[in-house]
Amino acid sequence: MPRAPKPRLNREWHLAHRMPPRAPLDQRIVWHLEHRENCACRPIPLKLLGVLRERGLL
Ligand SMILES: [Zn+2]
């Protein structure tokens, strides 16, 4: 079985999911959860990971 190449950056997803620079925390959380499912260009920031754990979202 040939390994399916998985692009690190999902350009189409990013174009469809722009996040404003000063997005509120809740919006950032939703964005990163969706981002994690669709793209691997960068991990969830540690600060946000802490919040996700507190809220039981991980
Ligand atoms: Zn990405």
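As a basis for the values below, the full set of heavy atoms in this structure was taken, side chains included, without hydrogen atoms, waters or symmetry mates. Indexing begins at 1, ligand by ligand and atom by atom, following the structure's order. Positions are given from 1, in the same order as the sequence printed here.
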How many N, O or S atoms of the protein are nearer than 2.8 Å to the Zn ion (ligand 1)?
->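 With waters ignored, the protein N/O/S count below 2.8 Å is 4.
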Tell me who clusters with L33, hydrophobic residues only, linked when side chains sit under 4.5 Å apart either directly or through other members.
->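 Under the 4.5 Å side-chain rule, L33 groups with L25, I29, I44, L46, L48, L49, V51, L52, L57, L58.
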Would you confirm whether the ring centroid of W31 sits within less than 6.0 angstrom of the ring centroid of H17?
->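 No.
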Would you mind reporting whether P45 and H32 have side-chain heavy atoms less than 4.5 Å apart?
->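 Yes, side chains in contact.
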Does the N38 side chain pair with the main chain of W13, one donor and one acceptor, at a distance under 3.5 Å?
->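 Not confirmed, N38 side chain does not pair with W13 backbone.
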Has E34 got more than 12 heavy atoms of other residues, nucleotides or ligands less than 6.0 Å from its CD?
->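 Counting other residues, nucleotides and ligands, CD of E34 exceeds 12 neighbours.
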Kindly assign one of parallel, tilted or perpendicular to the pair H35 and H14, based on the angle between their ring planes and the thresholds 30° and 60°.
->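 Geometry flag for H14 against H35: perpendicular rings.
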